[in-house]
Amino acid sequence: MHNKKYYILSGILLLLAGLILTTSDAAAKNIIHFFGTLLNKQLNETFWSIGFAHAGVELILAASLLFLFILFFNKYPLQTLILASCAWILSFVFYVLTDTVNIPFHDDYFFLRFLNNYSTNRDLGEIFSQNNESRLIFMKALCVLLFHLHSFNIKTLAIVANLCLFGSVLLMFKSIHLEMKNKMLLLLALTILIFQFEFYDSSVWAAGALYSSCTIFFAFTAIYFLTSRIRNGFSLSLVFAVLSVMSCGVGFITLAIGLFILVFRKRIKECIIWAVTAILLFLFYFHNYSFAYEHYCFGFSFEISIYRIITCILFSFTFLGSPTQFLYQTTSPMILGAFIWIFFLFLTYKKYFTKNSTIYYMLLFILLTSLIPAVFRQNITIYEGINMRYGIYSIMAISCCVIALTEIINTQKFKMFIRFALPLFIIFHLLTSIFFYPEVILRKEQMVTMIQNFKRTGVPSMPQPYSQYVADDAKFLLNECSKKNIYKIPD
């Protein structure tokens, strides 16, 4: 009874805080002023007000779900957990659909440039051409499909990427080895942890989302089928491993991990088929491949030195811990990333791969991916590790660690962990609303302004710092793609 009163009081406080933040501009301004004074810094009221308003909505959601638990959890535990998890996911979906627009941003002009060329020569061979470090075969094939269906839309591309995000979470959930009630409790914790806007570049920005979320989904699917006893699992795994390569060059890590799994399990015949496929794909991928500077924004070098090795390690730490980059600092990401590596080594020592090989190899895929940018890009800085497009990788790594931890502790410790993790993840979720969600809104507003300016003056322009994300040939591409009915400029 005492705990019930505590939960009711907590729910009331969360609800009041949420209502105040969503209905009172003065409350948000007072908080912003307080922290501005504390930091001795002038804070942007517009930016932070958006963040606090969004956090207010999330507080109301948290309070509503807490009341739901108080009323129904004891009688309907599984149904309550499913409903709560769906509520967090639907909240995320609502904002993604609302805040994603059919307007190109930064690398999105790549889609227009590619389709403009394709519409002229109809050369399917262009799908396999190199762009930067990768051959973006999946992206281009998807664009061609939408083009022929007369339904190319940048927002559609972002939706496809987010479907891949949901697929990755579903695969992790299916891979959890816990009793159903604990499994559902863990799912709730993971939905709160994952479905937020720290990695907004991989949720509302089409190019960034496709490049990251689809690659992770294909890699996770390949690992899932290869490590699960599913009929035709090997064939499905090989298909998705190839798709991961076609989505991004780091997909070769999937092939390497798959080969290791087959060798380790002494599946000789399948190992030979996998190896032959990997070799043929490697030869195809790197045929006429260029390591020229224009394909690498930081240059390319195989130079090996102590400094390069240390940079690579520190970059990996920062990359993996990037969800804690609040105020755009690298200290806490580096600490968290180091802990993830240490925990992985601990899992290896404990032979966790014999308990849950799917989660273990999913985590290994992300750890190895975190090393790639610093290995192949010369003069890359550690600060680049907190790039928003990498956030989806790191949040998946943290999720795998959470799953692994819950599977190696006993039931009593699991209950203690959940009681600690749920409030912690909610706090993290709220902080991402405050620190990162405003960027989504401000970027959207600038993109709308840009397209309105273009329709009025014929010049696609945005103010700093967004002006750098408008392609030099944006005017040409917008005009040409509009004339050819490739892309419809939104009203």
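For clarity, every value in this text was computed on a predicted model and none was experimentally measured.
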Applied to residues 77-94, the salt bridge (Lys or Arg N to Asp or Glu O under 4.0 Å) test, sequence neighbours excluded, yields none
Problem set entry | Close aromatic pair by centroid cut-off 6.0 Å: Phe195 and Phe166 | yes
Checking Arg389, His106, Arg443 against Asp201 for side-chain hydrogen bond (donor to acceptor under 3.5 Å, both in side chains), the one that qualifies is Arg443
- Message: As a quick check of understanding, evaluate side chain to side chain contact (heavy atoms under 4.5 Å, CB included) for Leu163 and Phe217, giving each step before the final call.
- Response: CA-CA 9 Å; Leu163 288 174; Phe217 172 68; over 6 Å; no
Quiz item: Do Leu13 and Leu9 come close enough that some side-chain heavy atom pair is under 4.5 Å?
Solution: yes
Taken to the nearest 0.5 Å, the spacing of Phe319 CZ from Ile340 CD1 works out to 10.5 Å
**Message:** Parallel, tilted or perpendicular, judged at 30° and 60°: which one describes the rings of Tyr437 and His54?
**Reply:** parallel
Side chains of Ile434 and Phe52, heavy atoms from C-beta outward: is any pair under 4.5 Å? yes
* To do: Answer yes or no: is there a side-chain heavy-atom contact under 4.5 Å between Met388 and Gln325?
  => yes
- prompt: Is the closest side-chain heavy-atom distance between Met172 and Phe220 below 4.5 Å?
  reply: yes
Query raised in the report: How are the rings of Phe344 and Trp341 set relative to one another: parallel (under 30°), tilted (30 to 60°) or perpendicular (over 60°)?
Result: perpendicular
To the nearest 0.5 Å, atom OG1 of Thr381 lies from atom CG of Leu314 at 11.5 Å
Does atom OH (Tyr328) have a neighbourhood of more than 12 heavy atoms from anything else shown, all under 6.0 Å? yes
Residue pairs meeting salt bridge (Lys or Arg N to Asp or Glu O under 4.0 Å), one or both in residues 322-343, sequence neighbours left out, come to none
Worksheet item: Side chains of Ser370 and Tyr393: closer than 4.5 Å at any heavy-atom pair?
Response: no
Smallest heavy-atom separation, Asp107 atom then Ala207 atom, equals CB-CB, 3.7 Å
Of Ile386, Thr324, Ile335, the one forming a side chain to side chain contact (heavy atoms under 4.5 Å, CB included) with Thr330 is Ile386
Check: Val459 main-chain N/O paired with Thr457 side-chain donor or acceptor under 3.5 Å
yes
| query | Going by atom types alone, do Thr227 and Tyr360 pair a side-chain donor with an acceptor below 3.5 Å? | reply | no
*asked:* Centre-to-centre under 6.0 Å for Phe199 and Tyr390, is that the case here?
replied: no
Item to complete: Hey, can you tell me if Phe73 and Phe69 have their rings parallel, tilted or perpendicular (30° and 60° cut-offs)?
Response: parallel
Between Phe218 and Phe138 (judged by ring centroids, cut-off 6.0 Å), do the two rings come close enough to count as a pair?
yes
Is there a side-chain contact between Ile342 and Phe346 in this structure, where contact means two heavy atoms from C-beta onward sitting under 4.5 Å apart? no
| Do the non-hydrogen side-chain atoms of Ser151 and Thr156 ever get within less than 4.5 Å of each other? | no
- Phe436 and Phe326 aromatic centres sub-6.0 Å: yes
So CG of Leu83 and CG of Leu68: to nearest 0.5 Å the spacing works out to 5.5 Å
